[in-house]
K.L.:
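Sharing a structure below in structure tokens format, with a few things to ask.
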Amino acid sequence: MRFRFGEPGDVTEPSHERLAVGDERVVDFLARFARRLLSPAVARQHPELGSLGYFLRPAELARAVARMRHDDALVFPRGNVFHVPPANVDTIFVYSWALSALAGNHNVVRISERSAAAADVVLEALHATEADPVIGRTQRMVTYGRDDAVTAALSAWCDLRVIWGGDTAVDTIRAHPLRPSARDLTFPDRTSWAVLSVPGWRVADRAARRAAVLGFANDAYWFDQAACSSPRTVFLVGPRPDGVADEFLTLLGEAVAEKGWSVDAAMAVEKRVHAYGLAATGAATGLRHAGNAVTGLTLSGVSAAPRRWIGAGAFPFAAVESLTDLVPAMTRQDQTVSHFGFTPDELRAFAVALGGRGVDRIVPFGSALTFSAIWDGYDLPREFTRLTTVKT
Amino acid sequence: MSVFTRTQKEREPVLLAELSALVAHHRAHCPPYDRILAAEGFTTASAVAELPWLPVRLFKHLVLKSIPDDAVFKVLTSSGTTGEVSRIHLDKQAAATQTRQLGATLRTVLGDKRLPMLLVDSRGILTDRRSFSARGAGVLGMATFGRDHVWALDPEGRPDLEAVRGFLARHGDAPFLIFGFTYLVWLHLYEVARDAGLDLSNGILIHSGGWKKLVDRAVPPAEFRRRLAADVGLSRVHNFYGMVEQIGTIFLEGPSGGSLYCPDFADVVIRDPHTWAEQPTGEPGLIEVVSTLPTSYPGNVLLTEDLGVVHGVDDGDWPGKRFSVLGRLPRAEARGCSDTYRSGRAA
């Protein structure tokens with residue numbers, strides 16, 4: 001086992017260190033760490049770390065701590081938390097770890113051997129941040145290979161196990177039993193969508209349309225459209241959608257070119273394989289290539305919307321009359337719906353009609369990837385704490 | 001009669017006409033193919049490079065054939081490293097054509113007579129039908145072009161020096177055929193023959209299978225040829241490039257080495273992987289392989305995941321384009337929250 005952060009040693013050994021919910025030593029550490037992430041050099045090289053730094057600035061930390069408070073109970077750390085983040089989104093592990101640390105938990109984060117460059121930058125920043133010694137003794141980040149014994153020991157040690165990385169990861173890790181009192185917090189495979197109001201688009205001026213498309217491009221291209229909250233299919237909502245998809249794709253091509261994003265050759269081939277697959281079965285009836293980075297697909301209907309990843313910059317389009325027409329197609333697997341051109345009432349009515357059966361987040365274009373303390377339907381600060389009631 | 005006869009100028013119009021007719025044929029008989037072309041808005045092509053291409057990997061995801069089920073004579077499968085395999089459907093006529101054209105292509109360098117043949121492989125690869133792979137199919141397919149076959153490897157895949165010595169004692173004084181995958185030839189024939197002081201100067205080597213395993217040992221193609229000639233006298237060496245998805249079509253290295261050539265019924269187009277436009281001579285890109293042989297499935301124009309470059313046109317051993325394969329397209333770095341990504345891109 002390789003220690004990437006924190007004091008080396010037997011991580012499952014009982015500890016007498018105690019942290020409180022919103023412990024000042026943790027708050028200080030996270031605030032200093034956030035400042036490093038927000039430094040221009042880091043933010044320029046890894047913009048996603050800038051977002052992380054923003055999430056961890058003092059005002060946000062105070063808000064997260066406030067969310068942990070409870071009127072009717074005393075709030076304590078949950079205890080030992082074992083985090084298994086995905087290998088290929090570099091920053092997720094920091095969000096869930098930071099919230100858990102803020103709640104005063106002892107944390108062990110398993111960082112994948114396949115972790116990418118941004119993870120190294122995060123670890124460097126953690127090391128460079130001045131810390132009370134208690135931080136290193138209670139917060140550990142480790143890398144180990146396919147070692148079931150270690151996963152089993154950590155599973156037996158923890159009070160809460162946080163598993164990111166999709167259905168397969170959840171099933172694999174779940175093979176290791178937890179203590180009877182412990183529980184899992186799981187982040188399985190998710191699908192996310194975009195909804196675009198046709199009337200809203202028509203009344204928007206060119207600048208507003210461009211801004212919307214730019215936000216959408218950020219949501220889609222930052223993680224090659226493979227983040228769980230990245231939009232996969234665009235639903236055009238409203239009467240007479242003719243021409244909207246074409247204009248959207250043209251603007252998207254411009255936005256992507258402006259940002260200098262490109263789809264590499266292997267991805268571009270991948271995209272054709274999947275797009276042709278959809279065409280071959282009749283799920284897609286039209287294909288349009290706006291440069292290499294943007295491919296539009298016309299779907300034969302809402303039910304043809306693919307739930308699997310089909311490639312960086314492949315956007316199926318389907319038209320519906322109203323948001324409520326989408327309700328039957330949404331499932332528990334669906335996470336984020338990013339929107340443009342709707343009124344707050346329309347969006348609220350959509351959420352109410354969904355009734356919690358699907359879709360956890362409804363956010364404007366450009367915010368799909370913005371992490372929040374409420375994620376995948378969980379109030380994370382609450383999940384990382386436990387409550388004690390006292391009646392006198 | 002050679003199949004390397006047509007200049008690019010002669011070849012293009014013939015191929016365009018035949019391939020356009022095949023596109024129409026496949027559209028009429030393979031509905032999924034027709035739906036793909038309809039979605040792309042394809043109507044007609046005025047050049048070979050304008051013909052609609054399919055990613056070769058599509059044959060791992062979809063059943064694409066232009067013949068009814070009861071006409072399927074043979075289903076070929078590619079070697080699948082991740083469990084995914086291409087399935088190529090042939091009817092009797094297509095199977096016969098591919099064998100005939102493969103033979104015609106090889107006769108260019110082997111001559112009209114069947115030669116004694118040394119197979120640089122192990123009989124073992126044919127015995128397990130479940131693992132019967134492109135390698136097995138390749139060896140079996142090639143075996144029909146030789147006679148008095150001897151395996152150069154024992155059933156465990158180790159060099160069988162006595163078998164090779166025996167073969168050379170019987171046939172080493174006149175032309176003979178050697179076939180094997182490039183890295184097997186290097187590791188299990190060349191090195192063994194060199195150390196044992198064998199004379200392979202009457203051999204004609206046909207080899208394929210890529211250079212990846214040799215690149216790890218720092219053996220570039222030119223070095224491969226040079227050392228075979230210098231150390232074991234093997235100077236007639238022909239690499240070829242081909243794939244199960246376009247069975248029967250091989251792009252064969254010319255006598256002077258260094259370039260692959262297209263038989264008259266085939267061609268290659270090198271594409272810029274960003275604009276998808278045809279690359280000019282000298283510019284590398286993705287290799288599209290074009291052949292008139294696939295009549296039972298829509299595999300006439302396939303975009304491979306190999307990188308290549310055209311070195312010249314009508315300026316080499318044989319007419320037409322001459323090109324090299326530069327290696328596999330590097331896989332993209334995986335990103336994403338979940339493993340759906342990986343399952344979507346398994347290849």
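Order of the sequence lines fixes the chain letters, A, B, ..., with proteins taken first and strands second; residue numbering starts at 1 for each chain.
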K.L.:
For A:V273, run the side-chain contact (heavy atoms from CB on, under 4.5 Å) check against B:L62, B:L58, B:L303 and tell me which one passes.
P.N.:
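Of the listed residues B:L62, B:L58, B:L303, the side-chain contact (heavy atoms from CB on, under 4.5 Å) partner of A:V273 is B:L58.
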
K.L.:
Contact part of B:L286 toward chain A, heavy-atom cut-off under 4.5 Å: side chain, backbone, both or neither?
P.N.:
side chain

K.L.:
Out of B:L64, B:L329, B:L37, return the one with the most heavy atom pairs under 4.5 angstrom to chain A.
P.N.:
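Counting heavy-atom pairs under 4.5 Å, the top option is B:L329.
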
K.L.:
Testing the basics here: between A:A265 and B:P273, what is the closest heavy-atom pair and its distance to 0.1 Å?
P.N.:
CB-CB, 3.3 Å

K.L.:
What I want to find out is whether B:E40 reaches A:R288 closely enough, with some N-O distance under 4.0 Å, to be called a salt bridge.
P.N.:
no

K.L.:
How are the rings of A:Y276 and B:W53 set relative to one another: parallel (under 30°), tilted (30 to 60°) or perpendicular (over 60°)?
P.N.:
tilted

K.L.:
Between A:T281 and B:R35, what is the shortest heavy-atom contact and its length?
P.N.:
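Smallest heavy-atom distance, with atoms named: C-NE, 3.9 Å.
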
K.L.:
Heavy atoms only: give me the nearest B:A39-A:A279 pair and the separation to one decimal.
P.N.:
CB-CB, 3.9 Å

